[in-house]
Amino acid sequence: MIEFDLEKEGVRGLNSRLQALAPDTNERKWSVLNPMGAHAIAVGLTQPITVEVQGHAGFYCGGMNQHAEVIVNGHAGPGVAENMMSGIVRVKGNASQSAGATGNGGLLIIEGDASSRCGISMKGIDIVVGGSVGHMSAFMAQRGNLVVCGDAGEALGDSIYEARLYVRGKVQDLGTDCIEKEVKPEHLEDLARLLERAQIKADPKSFRRYGSARKLYNFNVDHADAY
Amino acid sequence: MCGIVGLYIKNPKLQGKLGAMFTPMLIEMTSRGPDSAGVAIYRDQVKKGHLKLTLAADSDDFDWKNIDSGLEKALKCDVKTQTVANHCIMVTDAEEADARQWLKANAPKVRVVSAGKTIEIFKEVGLPAAVADRFSLRSAHGTHAIGHTRMATESAVTTAGSHPFSTGDDVCLVHNGSLSNHNRLRENLKKKGIEFLTQNDTEVAAGYFTDKLRDGASLKEALQAGLKDLDGFYTFCIGTADGFAVVRDPFACKHAVLAETDDWVAMATEYRAIAHLPGADKAKIWEPAPETIYTWGNA
């Protein structure tokens, strides 16, 4: 484990070192000390390394990640794992708003709660939240899975495209064009696989599924008056 | 943009360290607000029948002695002044309305920045570190403080347009966000006798709460009404004589984080402003929910 003191060497020092690693690097395990809520910790990584952040992270931690595993042993600020392409980002505590925003791939695990707009405009990322998510989560979500073991706030899945949403607890209300859908065997398989990868214990059968009613996909001439 | 910070001391033993704990919070928010900074400090409650005013002039060499003696003579009252850079803390046994009226007539360039029994407000254009030095914030003692670093988006960078804005006796407000219906609200409030010094949107929110408090609402009731009447984006941190409050608009897109230990409660736009506080790593940390009023002490 390579220890990196963020207070001494700064975020640029960390990211430039991690981003410069070659595919065959032996420096595969990193521990980031004294994060002190700094922004953009361990962003833009491209190699299959593991980076553990020992404390609370600020904004955009693990953003644009490819192949790496980023573990936050604390809470994460807004936009954790934003636009992730692949790899894993795990937050042991809670995450602030817009967790996993626009993510294309990979797995984001938030063991605690995520606040508003979790999975906003997600494009293929899988997100598993051990606790609850705030309002407007999965807004305009296009692809991927959002699994919420707790409750979901107001307007879940507003203007959703083809992402799949699974919620175990209460949904305060559904956003425009988001409806409850039948949970088929293939969905139970997906859920079981995601929960196992996230190492979160929950019965796939206890979740309800939500997705797009696909009513916003095409212009409806009956609504012409509304414009 | 803009950064807001608040620190409420729960353990009286730490009151002497308020400034030392709070100043780095303010300075950490420099990148969110390099235009101006301001802080409200709650300390040294005045005796019954006395009033504490924070006054501000345009320059450091303003002659406060003239104000002191002039006011004493005119109102036959007791006045004590203490100069802090271009600000002055005035303690008097005069009636607030009389003192304000005399100042308006005899020292029209002096701004009344705050009024009450414990509040003192210091604000100035410039980087937060410079503002902190100018008003010796690091050595300040007190029970709680709230502060603001401003990146101006909708009105001029001036001292008068800097936060905190006073909203009645011992109450003040800092704001991260922008209001969209402030012009209409300002006109309506002017009709009710509320005065405004700037074109600033936050001053309108302050005026709105002042009006509600004057009408007899509790702070909580005033904030509840604000959730309905104030249109726009906001995270507010509000200081009162012996407490503070935090509230966010229904969309809650202006960042905010709260942290609490047995010794203190802290609020900030970003966690990094709180990270250095003793025990922050073990504190209970959470994001305030939308449309929810959080209060500590008597807020």
Side-chain angles (χ1 to χ4, degrees), chain A residues 6-7 10-11 32-41 53-61 72-80 91-99 101 110 112-118 120 129 131-137 139 150-155 158 172-173 175, chain B residues 1-7 21 24-33 149 151 176-177 227 233-235 246-261 266-292 294:
Chain A
L6 204 69
E7 240 188 338
V11 171
V32 179
L33 308 176
N34 299 316
M36 303 292 279
H39 298 341
I41 296 173
V53 181
Q54 312 296 5
H56 307 310
F59 292 27
Y60 318 125
C61 180
V72 181
N73 288 318
H75 302 309
V80 64
V91 180
K92 295 277 181 80
N94 301 329
S96 182
Q97 60 198 39
S98 308
I110 295 151
D113 297 325
S115 78
S116 58
R117 304 175 194 88
C118 179
I120 182 171
V129 182
S132 299
V133 295
H135 62 274
M136 296 295 281
S137 285
F139 176 53
D151 303 331
E154 248 179 293
D158 194 283
Q172 193 172 340
D173 61 39
Chain B
M1 240 8 200
C2 299
I4 59 179
V5 288
L7 180 65
M21 290 165 72
M25 295 180 74
L26 190 75
I27 292 172
E28 189 66 42
M29 290 295 94
T30 299
S31 57
R32 297 193 71 92
T149 63
M151 187 179 285
N176 175 23
L227 284 169
F233 299 115
Y234 51 86
T235 294
V246 173
V247 64
R248 299 173 86 192
D249 72 79
F251 290 95
C253 62
K254 288 295 166 186
H255 308 300
V257 59
L258 281 161
E260 182 166 15
T261 70
M267 181 275 162
T269 307
E270 299 177 19
Y271 173 74
R272 65 188 164 113
I274 294 173
H276 71 278
L277 289 175
D281 51 339
K282 300 275 187 297
K284 180 189 169 205
I285 297 170
W286 75 102
E287 185 174 321
E291 290 185 287
T292 306
Y294 296 84

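What's counted below: heavy atoms across the whole structure, side chains too, no hydrogens, waters or symmetry copies. Lettering follows sequence order; numbering is per chain, from 1.
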On the 0 to 90° scale, with breaks at 30° and 60°, tag the A:H39-A:F59 ring pair as parallel, tilted or perpendicular.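 Ring orientation of A:H39 relative to A:F59: tilted.
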Measure the acute angle between the ring planes of B:F251 and B:F233, then classify it against the limits of 30° and 60° as parallel, tilted or perpendicular.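 The arrangement is perpendicular - the two ring planes meet at more than 60°.
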How would you list, by chain and number, every residue that makes a side chain to side chain donor-acceptor pair (under 3.5 Å) with B:S31, sequence neighbours excluded? B:R272
Among the listed options A:G112, A:G55, A:S116, A:S96, the residue most often paired with chain B at heavy-atom distances under 4.5 Å: A:S96
Among the listed options A:H75, A:R117, A:M136, the residue most often paired with chain B at heavy-atom distances under 4.5 Å: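 Top option by heavy-atom pairs under 4.5 Å: A:R117.
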Please round to the nearest 0.5 Å and tell me the distance separating atom CD of B:E287 and atom CG of A:N94.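 The CG atom of A:N94 is 9.5 Å from CD of B:E287, to the nearest 0.5 Å.
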Residue B:P250 versus chain A: region with a heavy atom under 4.5 Å: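 Backbone only.
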